[in-house]
Amino acid sequence: MLLPFALLLLGLWERQRGADDWAEFAAEHDRLARVVADLEARTPRDGRPDFRLQFRHDGKNYGGPLAVVMARGARDSAGTLVAVMDWRRWLPPVAIAGGGIAAGLSLLVLLAGAALARLGRSSRDALVGGFSLVRRLLPASLAAQILAATAGFVAVVAFESGLLLQSGLSGDGMKLLGIAAVAVAATLLAAGGALLGLRRALDAFEPDPVPILGRQITPAEAPGLWRLVEGLAERMGALKPEALVVGLTEGFFVTAGPAVLEPGGARLSGRILHLPLPHLALMRGDETAAIIAHELAHYAGGDTAYSQRFLPIYAGVARSLDVVAAREGHALGLLGPSVRLGRFVMERFHLAVRHWSRVREFGADAAGAGVTSPEASVRALLRSGALAPRIAETLAAAAEAPDAAPPDLVAAMLDRVVARGLDDPARHIEAEQAHPTDTHPPTRERIAALGQTIDAGLLDAAAVTPPPHALGQLAAYFADPASLCRAASEDFLDAVRERDAAFRARLEEKAAEVGTEERVLRANYRPRGLVLAMAGGLFGLAALAVALFGIPGILPREATVVLAAALAIAILMGGAGAFILARGEPVILVLRPEGLAAPGLDRTIAWSDIADLDLTGNHGGLVMRVLLPPAVPWPERRPGHPAARLDPERRIVTLPLPMPRGMNPQGFADLIATYQSAAQARSILAGTAVTVPVTEPA
């Protein structure tokens, strides 16, 4: 709200200034017109100059015919300024309108967003309807606000730029006019890009398929599980899943949208229920039934249908805001109000979404407890939290060394649980359970909503370690549980190998950016030497001319002084230029795959030894500062290289560097960053990860 109001107030102030400026210049034009008329009337008709005619302007006096000429020029210039000031009077209303429209839209969207979000807490249909309206109107409102604010800003800048014409386009005036033009152009480009992006964001948006690491199982592969799921659905009056998917990494969840199974990329759609094999093996039967009934309750209550209606809308609004935010930094802050306005609306609706997320989860818990028991539902919640660390530990160990992992990770999880026991359920009662699309309330609140009290007996029951033969209960669900567990384990390991291969390929690509040969950077002294040598030569020619022809109009003694000065300058500048050219282009830095070497240091500093590195620019080039850890051997300065500064106490090596040949500061910083990243990639590929700082120019 502040920026649009600022434009509005600035426009009101400029409107008064514009009227005053026009009146002032119009009065000056009228005065000069009268002066010209008076001078023309007094000019002799026979063409003789009359120096009694006088005209004073800008602190100078003009007489005779020149007075008439200068007076006419001043009158015409004043007329031009009057036209400019008259044109400027149209700009403040544009700034006022732009600021007012932008401020009004901000206020309207703020009130409408807050009201619709509050209304959305009354029902999910109201939430979807309100957010659907926001989805249609918010991008258009943001576009109108961007147009209004941009028009107001351009009008303000153009109004102020008109003052530069008052004193003529001097050097400083041209600079200010150039700055104004750049600011206006940058703002117009950013606003135009945001508007084009918003136009594309107005199109229908389909969410990406939900990725699921798992495999689909048919009724023939899991007859017992399908009977359990369909029986619970019939008892609850819920829709039956159209596909069951089992895996190792996710918990229990349902979705009614498109999904893609990994690895392999098989696509599914419709009602999908995901079940984790570890939980089916390590939880009791009534606990498993309670959780499955909870998930099926989302079908009974229309939760998945609600999600399918809501998620595209939510994602579309978020994408519209991303389009504007991406341009915010290029528009001198003009897009900031639009971004903050959209984020405010999203936050209001996010609170309503969280409200219904809690309501739907509490309702699903009650439905699950209704077909099993509240005690089983509570144990299922607590036991899920107690199992999670052991499952995560087993999967993490397998991901660390997939080729050495056991073929049956479900069995490995059971072995770990038997050996170490479950985690303390009390440690997880404040946790929110992971879910691909929703945020669940904390476990403590869900248990309280079921009317249960967390006591020692309940915690002990949830923490009971499964027996060593717990995998046997999978036979009640699957026709061939052992083969399924091995297949699911192989799916997980294949996904890990694919991830590792992709990561390794990126590392190899990064390491390949730096070859095995060293890169020598040289100083770019040659242009400076040439300039000095040419200047010295010119002064030498001038001295020769003075010696041969003298200087007309001055005494011989004064000519001798000039000759001596010219010779001295020629010798100094020419000698300096010759010295620089004779030095050639000395080496300032050598970049190697393993580290950097400077002529002033007695050793190469390995990239892995650098704790931090920064570059700053100065009038002569760059200053590189390298921070070395205490355990790294300290370099010494070579004789004859006083420029390198060493600070052993702070462990900082400072290297003043001229600008390398053919580079600018950003290019040099990017080159250093490339070598650092390549060194880090090689270290990771070799199995020794190091932290290499990324260099940014200051």
Side-chain angles (χ1 to χ4, degrees), residues 208-209 211-214 247-249 260-266 392-407 409 488-522 587-598 603-615 622 624 626-629 631-633 660-697:
D208 293 330
I212 303 175
L213 179 55
L248 302 183
T249 57
V260 57
L261 301 184
E262 298 175 347
E393 291 164 3
T394 306
L395 294 177
E400 190 71 24
D403 294 334
L409 293 175
S489 300
E490 189 61 29
D491 288 344
F492 173 79
L493 296 175
D494 285 345
V496 169
R497 292 186 185 99
E498 288 181 7
R499 180 206 64 184
D500 290 348
F503 181 58
R504 186 176 185 86
R506 289 195 298 271
L507 290 176
E508 291 173 345
E509 180 181 355
K510 180 62 66 175
E513 292 180 359
V514 173
T516 58
E517 300 295 328
E518 64 183 27
R519 179 162 181 176
V520 179
L521 304 182
R522 296 182 178 274
V587 175
I588 59 173
L589 209 61
V590 178
L591 303 181
R592 299 177 178 132
E594 66 275 9
L596 63 88
R603 58 179 293 270
T604 298
I605 300 177
W607 299 114
S608 58
D609 289 345
I610 297 176
D612 194 11
L613 186 151
D614 72 82
L615 292 169
L622 300 166
M624 176 185 288
V626 180
L627 176 64
L628 300 179
V632 173
R661 182 180 61 194
M663 287 189 180
N664 56 29
Q666 185 60 53
F668 180 68
D670 292 341
L671 179 63
I672 297 295
T674 298
Y675 271 83
Q676 290 177 305
S677 299
Q680 184 179 27
R682 284 192 299 273
S683 297
I684 296 174
L685 289 170
T688 307
V690 295
T691 301
V692 179
V694 176
T695 304
E696 293 289 346

#### Entry: Residues Leu613, Leu596; criterion side chain to side chain contact (heavy atoms under 4.5 Å, CB included); working and verdict
CA-CA 12 Å; Leu613 186 151; Leu596 63 88; 4.2 Å; yes
### Task
Please list, chain by chain and in numerical order, all residues satisfying side-chain hydrogen bond (donor to acceptor under 3.5 Å, both in side chains) with Asp609, sequence neighbours excluded.
none
### Task
Kindly give the heavy-atom pair with the smallest separation between Arg499 and Ala399, and that separation in Å.
NH2-O, 4.0 Å
#### Entry: Phe668 vs Ile672, side chain to side chain contact (heavy atoms under 4.5 Å, CB included): CA-CA, chis, key distance, verdict
CA-CA 6 Å; Phe668 180 68; Ile672 297 295; 4.1 Å; yes
### Message
Do Thr249 and Leu395 make a side-chain contact, defined as non-hydrogen atoms from C-beta onward lying under 4.5 Å apart?
### Response
yes
### Query
Does a side-chain heavy-atom distance below 4.5 Å link Val514 with Leu591?
no
### Query
Do Leu615 and Pro665 come close enough that some side-chain heavy atom pair is under 4.5 Å?
no
### Query
Is there a side-chain contact between Leu627 and Ile610 (heavy atoms, below 4.5 Å)?
no
### Task
Give the minimum heavy-atom separation between Pro660 and Leu622, together with the two atoms involved.
CD-CD1, 4.4 Å
### Which atom of Leu493 lies closest to which atom of Ala405, heavy atoms considered
CD2-CB, 3.8 Å
### Task
Please indicate whether Arg519 has more than 12 foreign heavy atoms, meaning atoms of other residues, nucleotides or ligands, lying under 6.0 Å from its CZ.
no
### Query
About how many Å separate CG of Leu685 and NZ of Lys510, when rounded to the nearest 0.5 Å?
12.5 Å
#### Entry: Contact check, side chains of Val626 and Leu628, non-hydrogen atoms, under 4.5 Å
yes
#### Entry: Audit row: Leu248, Leu213, side chain to side chain contact (heavy atoms under 4.5 Å, CB included) steps and yes/no
CA-CA 8 Å; Leu248 302 183; Leu213 179 55; over 6 Å; no
### Close side-chain approach of Pro593 and Arg682, heavy atoms under 4.5 Å
yes
### Message
Side chains of Met624 and Asp614, heavy atoms from C-beta outward: is any pair under 4.5 Å?
### Response
no
### Message
If the threshold is 4.0 Å, N to carboxylate O, is there a salt bridge linking Arg506 and Glu509?
### Response
no
#### Entry: Chi angles and distances behind the side chain to side chain contact (heavy atoms under 4.5 Å, CB included) call for Arg592, Val590
CA-CA 6 Å; Arg592 299 177 178 132; Val590 178; 3.9 Å; yes
## Note on the structure
Taken to the nearest 0.5 Å, the spacing of Arg522 CZ from Ile588 CD1 works out to 10.0 Å
### Task
For the pair Arg497 (side chain) and Phe492 (backbone), establish whether a donor and an acceptor sit closer than 3.5 Å, ignoring hydrogens and angles.
no
### Task
Say whether, by atom type as modelled, one donor and one acceptor occur between the side chain of Trp607 and the main chain of Ser677 under 3.5 angstrom.
no
### Message
For the CD atom of Glu518 and the OG1 atom of Thr604, what is their distance to the nearest 0.5 Å?
### Response
8.5 Å
### Summary
Nearest heavy-atom contact between Leu409 and Ala398 is CD2-CB, 3.8 Å
### Query
Can you find a heavy atom in the side chain of Glu262 that is under 4.5 Å from one in the side chain of Asp491?
no
